[in-house]
Colleague: 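Right, I'll just put the structure down here and ask away after.
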Amino acid sequence: MKTTDLVATAAANTFRSKTRTILTVLAIFVGAFTLTLTNGLGTGINRFIDDTVSSIGAGDVLTVTKTSTSDAASGAPQKYDPDSVAGGTTSPGRPGASTAVAALTDADISTIEGLSGIERVVPAKAVKIDFVQYDGGQPYVASAGSLIGGQTPQLAAGTAPDGASTTLQTAIPESLVTPLGFSSADDAVGATLTVAVSDPVRTQHLVEATITGVTEGAFANATSLTTNPALEDALFAAQNTGLPSDQLDRYASASAFVSPTATAAQIDEIKTTLTDAGYTGQTVSDQLGTFKAVIDGIVLVLNAFAVIALLAASFGIVNTLLMSVQERTREIGLMKAMGMGSGRVFSLFSLEAVFLGLLGSLIGAAVAIAVGTAVSAQLGQSLFSDLPGLQLIAFDPTSILVTTVAIMAIAFLAGSLPAARAARADPVESLRYE
């Protein structure tokens, strides 16, 4: 029997007992559907994280802080350090609970710039905005977030602030468009925004900036403005009016730029150099690494349940083919009597098992793609409408192909026992079988 005849016969034999085949294929379908859907969930979330990372920080920029010996991370009380600066909240559920970090000074900035592999360093100037206002209207609370090199914010309208311009520029989030009095995102572009900050003696200073664009997605978080360096410097200077010069050069962190062509190994080497010098350097990917690890862990657990379902389905394959071997005992004897070797008999029944796996995996993948796409689109328009670009469940062709091949391999292994039994059958005894 030729190979093509063998494949055609195996495909035809798969549907000899339609009910048994359908039940076995349905068992495989459950595992394939779950595996495809959970892999799609992991692909969708990780793809969104990667897109967000590329927009909120380039891979060649490290956020550098001074290594602290305090025990702030454990929640224990910290000793007062006059050279520390506020570094934000210690945990999401504790408003007002702040932690102090060791301040970077101009001397530290110079030291970091002198380290091997670092091209330039830009200190992060902390600015606390009192309010923002348009054309004398209702003032609204806002925060400031500056652009660093390599950032490409997601925009609903306009352009990002020009980092090289000396003009004071900002982009406002979509959440502020209507409250500030604009009819649309496009209407806000080109308008003049008033930003208020207070100095150490609580004298309020008003700084005017041009709105160049309206941000969405990760950059539209809460009410955070996206400022260019010129506006950041103006706000920082106004906020520190009257402050002694020796108190001005204190920064919570700095952005250290490395070569855009630097490899991951070279960036790791630069991080080690920073650590040895008493600093800590992290890329945005490092900061989101824990979150990605959690997502991958959840997907792995869900995949484990899918694999269990496939293992259960493999017993169905064994049962189906054992019954098939028993029912076709005389047929097997006849094939052997006509010169068909044991290897061909084994291949015939193994191919039937593979066909069962192929059918179940293809149907499971097709239904998972249809359901996942529909659910993802619906969630994107409702629950996750504030996260443009998020496709919660995305499907990677390579992943689907690997899943299909893996299921076919499991089916082959499950069918090897009945196939081996058929291959060992004695032709004379099989022909006598009643």
Colleague: Are Phe131 and Tyr140 an aromatic pair, judged by ring center distance below 6.0 Å?
Modeller: no

Colleague: Scan Ile172, Thr170, Val141, Leu193 and name whichever one has a side chain to side chain contact (heavy atoms under 4.5 Å, CB included) with Val132.
Modeller: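 By the side chain to side chain contact (heavy atoms under 4.5 Å, CB included) criterion, Val132 pairs with just one of Ile172, Thr170, Val141, Leu193: Leu193.
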
Colleague: Which pairs would a plain distance check flag for residues 357-374, meaning a side-chain donor or acceptor within less than 3.5 Å of a matching protein atom at least two apart in sequence or in another chain?
Modeller:
unit_1, atom_1, unit_2, atom_2, d
Ser361, OG, Gly357, O, 2.9
Ser361, OG, Leu358, O, 3.0
Thr373, OG1, Ile369, O, 2.7

Colleague: Around atom CZ of Arg421, are there more than 12 heavy atoms of other residues, nucleotides or ligands at under 6.0 Å?
Modeller: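 No, because the 6.0 Å sphere around CZ of Arg421 holds 12 heavy atoms or fewer from other groups.
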
Colleague: Name the one of Val207, Leu225, Val127, Thr167 that satisfies side chain to side chain contact (heavy atoms under 4.5 Å, CB included) with Leu231?
Modeller: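 The side chain to side chain contact (heavy atoms under 4.5 Å, CB included) with Leu231 is passed solely by Val207 among Val207, Leu225, Val127, Thr167.
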
Colleague: Checking Phe355 now: which residues fulfil ring pair (Phe, Tyr, Trp, His ring centres under 6.0 Å) with it, not counting sequence neighbours?
Modeller: none

Colleague: Which residue pairs satisfy the side-chain hydrogen bond (donor to acceptor under 3.5 Å, both in side chains) criterion with at least one member in residues 187-196, sequence neighbours excluded?
Modeller: Ser183-Asp187

Colleague: Ring-plane angle category for Phe182 and Tyr134, please: parallel below 30°, perpendicular beyond 60°, tilted otherwise.
Modeller: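 Plane angle between 30° and 60°, so tilted.
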
Colleague: Please report the closest heavy-atom contact between Ala103 and Lys66, naming both atoms and the distance.
Modeller: O-NZ, 3.4 Å

Colleague: With Thr19, which residues qualify under side-chain hydrogen bond (donor to acceptor under 3.5 Å, both in side chains), at least two apart?
Modeller: none

Colleague: To the nearest 0.5 Å, how far apart are CD in Gln391 and OG1 in Thr43?
Modeller: 10.0 Å

Colleague: Hydrogens and angles aside, do Asp130 and Gln204 bring a side-chain donor and acceptor to less than 3.5 Å of each other?
Modeller: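 Judged by distance alone, the side chains do pair up.
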
Colleague: Determine whether more than 12 heavy atoms belonging to other residues, nucleotides or ligands lie under 6.0 Å from atom CD of Glu113.
Modeller: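 Buried by this count: over 12 neighbours within 6.0 Å.
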
Colleague: Which residues pass the side-chain hydrogen bond (donor to acceptor under 3.5 Å, both in side chains) test with Thr275, not counting sequence neighbours?
Modeller: none

Colleague: Under the side-chain hydrogen bond (donor to acceptor under 3.5 Å, both in side chains) criterion, do Asp108 and Tyr251 qualify, and how do the steps go?
Modeller: CA-CA 10 Å; Asp108 290 311; Tyr251 319 104; over 6 Å; no

Colleague: Sequence neighbours excluded, which residues qualify as side-chain hydrogen bond (donor to acceptor under 3.5 Å, both in side chains) partners of Glu119?
Modeller: none

